Amino acid sequence: MTAEQFLAYAESLTGLVRVPLPSGDPLLYGARATLDDGFIYYDAETTPWLALYYQAHEFAHHWLHNGGSLCSGEDVDFTDSEDKALYGEGRIEAYGPHQRRETEANVFAREFLLPGDELRRFYLEEDLNAGRIASRFGLALDFVLHSLAYALLAPDVEDAFNASKIEDESETQGANSLTLDESQRAAAHSAHTPLLVAAGPGTGKTRTLVGRILHLLDRGVTPDKLVALTFSNKAGEEMRERVERFAPDAAPKIWVGTFHAFGLELLRRYWQQAGLPPRARVLDPVDALFILERSLPQLGLDHYQNLYEPTTHLGPILAAISRAKDELVSPDKYAELAEAMLTSARSEGDAGVTRRAERAAEVARVYRFYQSHLEREGLLDFGDLIFRTVRLLREREDVQAEVQAQYRHVLVDEYQDVNRACGVLLGLLADRGEGLWVVGDARQALYRWRGAAPAQVRHFLNDFPHGRTQALTVNYRSLPPIVSLVSAMASQMRVLPTTDGQTEADAKAERADFCSWHAHRHESDATQGEVSAVSFEIATDAAAEAREVARLIKSRKEGGIPFCSQAVICRKHSQLAKFARMLEAEGVPALYLGDIFERSEVRDLLALLALACDGIGRTLPRVARFPEYNIPLREVRAVLQDAKKTGRKFPGALTSFRPTKDVGVIARDEIRRAMTEADGTESLASEEDGAGKEGLARLIYHLAHVAHLQSAWKMLANYLFVRSRYLAPLLADNSSAGTQRRLAVCQLLQFLHNEGARAVEATNDPDARRAILRYVRRLKSLSEDKSLRPIPTSAEGLDAVRLTTVHGAKGLEWSCVYLPYLGRGHFPAKRQHELCPPPAGMVETFPDGEEGADEAQKDSHLEEEECLFFVALSRARDSLCLSRAERYGGNNSKASELLEKIEEHLPRAANGPATWSTEVEQDVTAVISESAQQAADTKPLFTERQLGAYLKCPRKYFYEQRLYLSGRGQETAYLRFHSCVYETLAWLAGERMAGRLAEDSVAVFQEDAQAQLARLWRVKGPVGHVYEAFYRGQSALMVVRAVRHYARARGRLFQQTWLIERPGAFVSLTPDYVELIEEANSATLLFRQTRTGRPPAKTPDEDIYALFYAIAAEHFPQARLRVEVLYLSTDETIELNLSRRTINTRLKHYDDAIAGILSGEFPPEVSDHQCPRCAHFFTCPKAED
DNA sequence: CGCCACGGGGTTTTT
DNA sequence: CCCCGTGGCG
């Protein structure tokens, strides 16, 4: 059943759906008093989904009261729910598997709500097959909610499915028969193998490959001797589709797919020979992270150890491990390479290389642990699919011979994406290359971070000395000006093409003709009204750039080019996100969901979830802003303050704050609304009046009916489809922005539904809702939330401009392509430093440790960026619009060096004057600040902590200081550990000041200090935490060190709060350690900040140190000053010497913070790094507005 | 001309 | 948190 059919069914219910009122909670469906006959009515025509939902309830009600019984699996828990009231206490005891009359429930679910096939689509097939569904009557309600989600939120699935069919890449060639031009035919029919077909963009690579398959079949090769491999699923599916179209009979017998899938197939077939257990499973990468996380304390990391967040580096470490597998480097080999690197680096005394080598050695330890874990558990990760297959073929000649005998013809698409491991696999498969036929374009090698290198293409002739290459030189995609631009870029690139020449010198000599493709299309094909196929514009700023691009898009749409044939391509997602927002603002429909957890509707719903389960109402400020509640901030403040005072937990704390209007009356309004409004867009007049109180009452009413639902999915589905009107504006919004908001909600519901169980397992939090919230933060901070990025296939049919990264654009084409952000530092992107550098010698191309290594890496990075630019340029069929701005985000921006490369082929100079400009609007809004009226003599007082918090993120300060919300997230193990250490230090200072600790009594005193630590630990430490032992050990060590430092004190110690006067306010500060050492004719004042971490690579530059200078200047003008930072992790001390200038700029930071607070400015400080770890992550609007 | 310090920004993504 | 580029100052 499609979404439409579903709605049609719902709408076909005639008249009113009558739902009997249960005898329990009077609020369950509203106020019974208003409805005399004991029934509520829902109008099926105006609120079909609600009617349908209640119809299911009604059925359940009747069923139970006629002797039916209720059974439930873990998905449906009625014990603590409103359903208990509905179904009656007595019936619940019938819980259990396989109760009588279960088939009736099944019949109901299958026949009445959704036809059987749809059950399969909407629910887990395995549940159905196991007959489990039959025993879960309650799932009927879930089906309804699921169906609602699809029907209301996702665009028409059928259309999208049809639209997603891949078109043949050239309009000029027929769709049902495969015609090849002369050189394509030469390549496809070549008798010579191995053959490398070196091609450019739009030259018909894949169709030539399909031509090869047809040719082989014509020559009588049986289909099961053919295997066609590629790197990505996307390319694999495309290949399969074409093979099916052109060779429908043979297609099922030809092996078409990815290298990894092929590896898996061989491993399954020969599992015994490969030494695998019979049912080896493929490991999900996210689970790989969790495996390491669980075992972290026993890994003994040093360089990658981070007290504050022990898991920070696991992602990069895992990436380094999979890189190793891409290079066929085993844990032993990795360790060996790292060891060798370490030895030579130490003997040469090179500190930088030593550090890298030590890091590599540490990764080697993790790799070894990880691999043995996989083997023990019978798990294969993606890298193993290739690695183990290679090992199988290498070690078992019988298997290799059998495989070679079967697959006589090996074809490879996207050969430039083949990495070392896949390359070796190919060699083993095709022995001396006989039967090997590959096609690729070295200039489109984008996947270097996975080990795919253009060198692979270049080395083809080394790997297969009998090989030959052949070029495809006709571009079928683009108009001639675009083809020349692309060719010009190609001739400038440092990637060397492959030719028949055996040396690089030959290759260079032949480069010129190779990279100048011949355009098959003619200038006259150009769209009417199009001035030139290639344009280049310079805008004054990013806003002007977006506005003008938007204008072009709209004018082309009017000229007959639909939005979906136009694409904006950027280098990275952060640029796309900004651009999408600006395009939407200009009224251009753009298809880009971005990061769904950054979207305001998704955060709204997560905030609601948090409100129901976090207990402290942290996200109330956000939920209060939902249109149907619209609770003013002062009321939110009052509620929060009250909750803090009385210690009541949310959501219960809401109700202690009695709204003036009776909840029952609100409830009645709710019913009436549901009955009278078509889609809920009209607002009731009463809403305007008592706004705050009524909004609060409505929120209480809604929460009362969903907050008990333990699963996040269920709670939100109920909230959205049954209780609240949150969706009303989204459903009424027909713009593409509305569609995307609905899609985002749909994606969120699916995520919650699919990941709920895993979240509980991964976070170890028994509350499923809290678990999923923690899980979201964790995914984000591990950067593992990308799987939610691709636009769901159901949206592919929408007529909206495509926004995509260059990587995402690979293999695709559009009529018009826009390439904005061509500024230096934006494209090419800045090179990232390597967190986990591979050991020297692992990757052949970079001779590590040498002087030139860094240069080589820089070069390779630029080479990759060139490839990206080349791919981006070559996506356009009819027009290509390049642009840059003179300013991006307040910084001047010069033209990208890539633009300079092709400057001669552009209509104007890369650094010429702006052609798109913003008319400067003077926005003279009067800024009214409350503080202006403040009397000058009552200077406010701020603590350093407060100002420090403001400097980190003003919005965070606002939540914590103005809304009384605690800044602490859940008490993490680190925080508990930290407070134990710090309290022990404070105690130490006291002991020292009381004279009980002196240098000669240190030994005895150490024991006292440890006892003190142990006492604190029992009460406040992370007792029972998985990493407790680790933190306990660290804390003991730190206390030992701290005692030594305190014992060394000679002078007078101060444990007190100091005041520093600044122009706008007083600042108070309590330093960890202040010692005044007075000597004969001089005095030294020592400030020592004690930190638990390790010293940073650069000198510490926190603002707080400037305040030490200010204290000294004010209170000890005569004394010499010494500022130290003690790091207890390593027992190192760093002395700071700040210049006058530095001190002043830092103090100015505090002054700015004071001014900001006093004038009421609390903008959020957006940071990918900090935000997921911030307590207000789900509340904060961040960059949404 | 060279050094230091401030401040901005934080990839790309597949199996 | 941590790197790198830029810009200001000596």
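Letters A, B, ... are given to chains in the order of the sequence lines, protein chains preceding strands, and every chain is numbered from 1. None of these values were measured; they are calculated from a predicted model.
At least one side-chain nitrogen or oxygen of A:Lys572 sits closer than 4.0 Å to the OP1 or OP2 atom of B:dG10. Taking 4.0 angstrom as the limit, A:Asn233 places a side-chain polar atom (N or O) nearer than this to OP1 or OP2 of B:dT15. Of the side-chain N and O atoms in A:His861, none sit less than 4.0 angstrom from OP1 or OP2 of B:dT12. Neither OP1 nor OP2 of B:dT15 sits under 4.0 Å from any side-chain N or O of A:Ser322. At the phosphate of B:dT11, neither OP1 nor OP2 sits under 4.0 Å from any side-chain N or O atom of A:Thr805. A:Thr258 has no side-chain polar atom (N or O) that falls below the 4.0 Å cut-off from OP1 or OP2 of B:dT15.
A salt bridge between A:Asp417 and A:Arg450 is absent, with no side-chain N of the basic residue lying under 4.0 Å from a carboxylate O of the acidic one. Residues A:Glu238 and A:Lys234 are not paired through a salt bridge, judged by the lack of any N-O separation under 4.0 Å between the basic side chain and the carboxylate. Electrostatic pairing of A:Glu900 and A:Lys894 does not count as a salt bridge here, judged by no charged N lying under 4.0 Å from a carboxylate O. Taking the charged nitrogens against the carboxylate oxygens, A:Glu865 and A:Arg448 have no contact shorter than 4.0 Å, which rules out a salt bridge.
When each of A:Arg1091 and A:Lys894 is assigned the nucleotide of DNA chain C bearing its nearest heavy atom, the one mapping closer to the 5' terminus is A:Arg1091. Residues A:Lys578 and A:Gly808 each lie close to DNA chain B; by heavy-atom proximity, the contact nearer the 5' end of the strand is made by A:Lys578.
Taking atom CZ of A:Arg831 as the reference point, atom P of C:dG5 lies 8 Å away to the nearest angstrom. Rounding to whole angstrom units, CG of residue A:Leu229 and P of B:dT14 are separated by 19 Å. When the C1' atom of B:dT15 is taken as reference, atom CD of A:Glu265 falls 16 Å away, rounded to whole Å. Protein atom CG of A:Leu1138 is 13 Å distant from nucleotide atom C1' of B:dC6, rounded to whole Å. In this structure, A:Arg1141 places its CZ atom 6 Å from P of C:dC9, rounding to the nearest Å. Here B:dT15 presents its C1' atom at 15 Å from NE2 of A:His807, a figure rounded to the nearest Å. Rounded to whole Å, the distance from OH on A:Tyr888 to C1' on B:dG9 is 16 Å. For the pair A:Leu835 CG and B:dT11 C1', the computed distance is 14 Å after rounding to whole Å.
The structure places CG of A:Leu393 at 6.5 Å from CG of A:Leu266, a figure rounded to the nearest 0.5 Å.
Comparing the same atom, P, in C:dG5 and in B:dT11 gives a spacing of 16 Å after rounding to whole Å.
Of the candidate nucleotides B:dG9, B:dT13, B:dC6, B:dG9 has the atom lying nearest to any side-chain atom of A:Lys830. Distance from the side chain of A:Trp449 is smallest to B:dT14 among B:dT14, B:dT11, B:dC6. Nearest to the side chain of A:Tyr447, among B:dT15, B:dT13, B:dT11, sits B:dT13. For A:Arg355, whose side chain is taken as the heavy atoms from C-beta onward, the closest listed nucleotide among B:dT15, C:dC3, C:dC1 is C:dC3. Residue A:Glu1102 has its side chain nearest to C:dC1 when only C:dC1, B:dT15, B:dT11 are considered.
No side-chain heavy atom of A:Val568 sits under 4.5 Å from any side-chain heavy atom of A:Arg802.
A:His826 comes within 4.0 angstrom of nothing in the nucleic acid, heavy atoms only. Among the heavy atoms of the strands lying under 4.0 Å from A:Phe231 are primed sugar atoms or P, OP1, OP2 only; no base atom is included. Within 4.0 Å of A:Gln575, counting heavy atoms only, lies no atom of the nucleic acid at all. Note on A:Arg824: nothing from the nucleic acid sits closer than 4.0 angstrom, heavy atoms only. No engagement by A:Asp417 is indicated, since no non-hydrogen atom pair under 4.0 Å with the nucleic acid exists.
Nearest heavy-atom pair, A:Arg443 versus A:Val871, reported as atom, atom and distance to 0.1 Å: O-CG2, 4.4 Å.
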